[in-house]
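What follows is one structure encoded as structure tokens, with my remarks underneath.
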There are 4 protein chains.
Amino acid sequence: MARPKSEQKYDAIMQATLDLVIELGFHGLSMAKIAKRAGVATATIYVYFDNTEAILNQLYMDLKQLVAKDITQGYKPYMSAEEGFKIIWRNQFNSLVKYSKEYWFLDQFANSPYITNISREEGLRQFRPVLDFFKQSQENGEIKQMPIEILFPMFYAPLSSIARSVNAGHFEADSEAIDLAMGSSWASFKP
Amino acid sequence: MARPKSEQKYDAIMQATLDLVIELGFHGLSMAKIAKRAGVATATIYVYFDNTEAILNQLYMDLKQLVAKDITQGYKPYMSAEEGFKIIWRNQFNSLVKYSKEYWFLDQFANSPYITNISREEGLRQFRPVLDFFKQSQENGEIKQMPIEILFPMFYAPLSSIARSVNAGHFEADSEAIDLAMGSSWASFKP
Amino acid sequence: MARPKSEQKYDAIMQATLDLVIELGFHGLSMAKIAKRAGVATATIYVYFDNTEAILNQLYMDLKQLVAKDITQGYKPYMSAEEGFKIIWRNQFNSLVKYSKEYWFLDQFANSPYITNISREEGLRQFRPVLDFFKQSQENGEIKQMPIEILFPMFYAPLSSIARSVNAGHFEADSEAIDLAMGSSWASFKP
Amino acid sequence: MARPKSEQKYDAIMQATLDLVIELGFHGLSMAKIAKRAGVATATIYVYFDNTEAILNQLYMDLKQLVAKDITQGYKPYMSAEEGFKIIWRNQFNSLVKYSKEYWFLDQFANSPYITNISREEGLRQFRPVLDFFKQSQENGEIKQMPIEILFPMFYAPLSSIARSVNAGHFEADSEAIDLAMGSSWASFKP
DNA sequence: GATGAATGAGCCTTCATTCAT
DNA sequence: TATGAATGAAGGCTCATTCAT
């Protein structure tokens, strides 16, 4: 498990797992299907992972790293909190749309009994840069004082929810709608 | 002329299913486990439901009806939008805390492949009174104009997310914190 | 079981069973399906029959009586053996075609482990008039001497086999073909 | 590179299936029983076959090949049709007696809903040498002209029926009886 | 007599995992 | 390392039959 011999096989297993969970849900997953889709033998999977749970947790951490990358891209410390907020909001929204399937997996998995505490903590770590931005802005008095347990849901939950609606095709988010949502969200934080 | 179906057994099956999904997740569910927990024979479940999916969908609709009840309780038409918003917000928050497990189930199920369109639509119907409040207030110009697909996530998602944090014991929501969150949320809607 | 109260229900159960066996084979049969098809409750079937085996045996005997009726119709004692043979052969052939499904059932059932010795003997009894004809004709020296265990297969098996081929649509038996088969068969018996 | 499939297990499954069908009929068959009788785990059967139907069809084809072998053994092209007929008739009769159980299975299966068209065609192919003999003899004018759909039942059905009677112990076929039956059968074909 | 609910036993099939190669 | 065969356990579901009404 430590250092996989073939990176290609490791990747194939991860990709197959993600695809299958998206297609069939967690319930429809099985080692046999993963193996078939990945083009390896079932027993081979056990060379790379201890069991199903391990595959899913690894996938969770890999994806978390993938999607959380560059969320603060474009933000510069000299910017105003509002500017920064909007850049990060938009980045996050774009990420949610671009990686809709990955986010769906992350969300489902985070609420499943499979997830280990290690994965959960590792996952949270990815949000650190965003949290840093908010903490900094609060210290500057540019956004309202509120505990992180309120601030973060306030920022992330509607974003995620709207993006899901867009991804499901229930709603078309043109630039006007996005500006509206973003502005509306910013109003929650403006001091 | 034969034995009538037993309401008690129906309830036991529903309760057992809810408990088990909460304990083990959807993946850990099985007819045998439901039966054992409900104190009936496996085959008996099939007298009441066609299959696992049917049980879950029925549970979804039953719970949706249970938790969505009285969310607008205390709201009067002559109230200002802000007053109404705060009453409904608080009702919803209390409901989310009181029925935390039920909401967790509803949330997970709504994002699972088990849910049928019928259940989904039936579920949405329960939110009608809340939507009506918002629509009315928009017409009065008391809250900002925005499409329902933005408005609703903006209202519901942070609420749900904070309540989950509270229920998980990660955060203690004293009345001050609640006021803060509620006020912060209201800022998003204030014209 | 002795004297059924409702002849109508008895008939419905018999008919449903026959239809289902023909549609699904013995393997696909079940009390629940019979009940549904017959329009009665499952438990009701047990008022009329002890179990599945009893239904099938009764059906076997009923059908045996139905199809074997009038096989010797038209035969008169003063006729020559050849005349008699041809009348009976044709009757049997027509019967096999007319009651193709019933014969299929009888054949399958007679070779299944369901059949009891009582049913088997009762079934054989229906062939008595035909056997009598052959015995009589042998005594008259109009057909070859041979034991019944040869004579009967020689007469019945090809007939049945050809009819099955016709019923399956593999072969169209015009009057010429029938005369050919019948004549060919008669050659086996001619002294 | 893994363990190869075991011919021994394949054979054990086939043999167990044949034995069980003979003992209990198709209805009494089950994967669990086959597995137990064959001395393998239930799941192991699925390594070799897709499902019950596949087992039965394979068994059908295997047995068809076994029993149809050497039916024309001893026949030489220079022989008269009558000589050939009698050799083949006797071979077939001996085969029917020797492989009585196998023939019983083949017969039952061919009339069951399990059989696939592929199996049916494969089964017919085994009779080709016998059919060729008849066709050849008809062309030579040594046996009566009649369509194959009559000729074949005429030849095979009584043979099979008599053999069954012998196998069931209802009839002892001494050489005199056999000559009688064979001669009687030949009379049907003699021009 | 007639019914439909109730159930233990059984069905076929798939599962995660280990074993032999 | 990589593999596919092997399997005990578990899955969903149906069965014949009995029970309560």
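Bear in mind that the values here come from a model prediction, so they are computed numbers and not experimental data. Throughout, protein chains are lettered first and strands after them, A, B, ... in sequence-line order, and every chain is numbered starting at 1.
Separation of the B:Tyr60 and B:Tyr114 ring centroids does not fall under the 6.0 Å cut-off. A distance below 6.0 Å separates the ring centres of A:Phe109 and A:Phe105.
Each of F:dG11, F:dG4, F:dA2 was ranked by its minimum atom distance to the side chain of B:Ser30; first place goes to F:dG11. Of the candidates E:dC12, E:dT3, F:dG4, E:dT3 carries the atom nearest the B:Ala2 side chain, counting heavy atoms from C-beta on. Here the side chain of D:Tyr46 is nearest to one of E:dC15, E:dC12, E:dT7, namely E:dC12. Comparing F:dA16, E:dG4, F:dA6 by their nearest atom to the side chain of C:Met31 picks out F:dA16. The side chain of A:Ala43 approaches E:dT18 more closely than any other nucleotide in the set E:dT3, F:dC19, E:dT18. Distances were taken from every side-chain heavy atom of B:Arg3 (C-beta onward) to each of E:dG1, F:dC19, F:dA2; the shortest belongs to F:dC19. You'll find that the side chain of D:Thr42 is closest to E:dT13, out of E:dT13, F:dT7, E:dA20. Among F:dA2, E:dA6, F:dT7, the nucleotide with an atom closest to any side-chain atom of A:Ser6 is F:dA2. For D:Lys33, taking side-chain heavy atoms from C-beta onward, the closest of the listed nucleotides E:dC15, E:dC11, E:dA6 is E:dC11.
Between B:Ile13 atom CD1 and E:dA5 atom C1' the separation is 12 Å, expressed in whole Å. Taking atom NZ of residue C:Lys36 and atom C1' of nucleotide F:dC15, one finds them 16 Å apart after rounding to whole Å. Rounded to whole Å, the distance from CZ on D:Phe49 to P on E:dC12 is 15 Å. Distance, C:Ile45 CD1 to E:dA2 C1': 12 Å, rounded to whole Å. Distance, A:Ile34 CD1 to E:dT14 C1': 14 Å, rounded to whole Å. What separates CD of C:Gln8 from P of E:dA2 is a distance of 11 Å, to the nearest Å. At whole-Å resolution of the value, NZ in D:Lys9 and C1' in F:dT7 are 10 Å apart. Put simply, OH on B:Tyr10 is 14 Å from P on E:dA6, counting in whole angstrom units.
Expressed to the nearest 0.5 Å, how far OG of C:Ser112 lies from CZ of D:Phe26 amounts to 11.5 Å.
Note on D:Tyr48: a side-chain N or O is less than 4.0 Å away from OP1 or OP2 of F:dA6.
When only modelled atom types and interatomic distance are considered, D:Asp11 and D:Gln15 share no side-chain donor-acceptor pair under 3.5 Å. Counting only N and O atoms by type, the side chains of D:Glu121 and D:Asn117 include no donor and acceptor under 3.5 Å apart.
Comment: A:Glu23 engages A:Arg37 in a salt bridge, judged by a side-chain N to carboxylate O separation of less than 4.0 angstrom.
The pairing partner recorded for F:dA20 is E:dT3, the criterion being a Watson-Crick or G-U wobble arrangement whose two distances lie under 3.5 angstrom.
Between D:Pro4 and B:Val40, the residue anchored closer to the 5' end of DNA chain E is B:Val40, taking for each the nucleotide with the nearest heavy atom. Comparing D:His27 and A:Thr44 by the nucleotide of DNA chain F that holds the closest heavy atom to each, the one mapping nearer the 5' end is A:Thr44. The 5' end of DNA chain E is approached more closely, in terms of each residue's nearest nucleotide, by B:Ala41 than by the other of B:Ala41 and A:Ala32.
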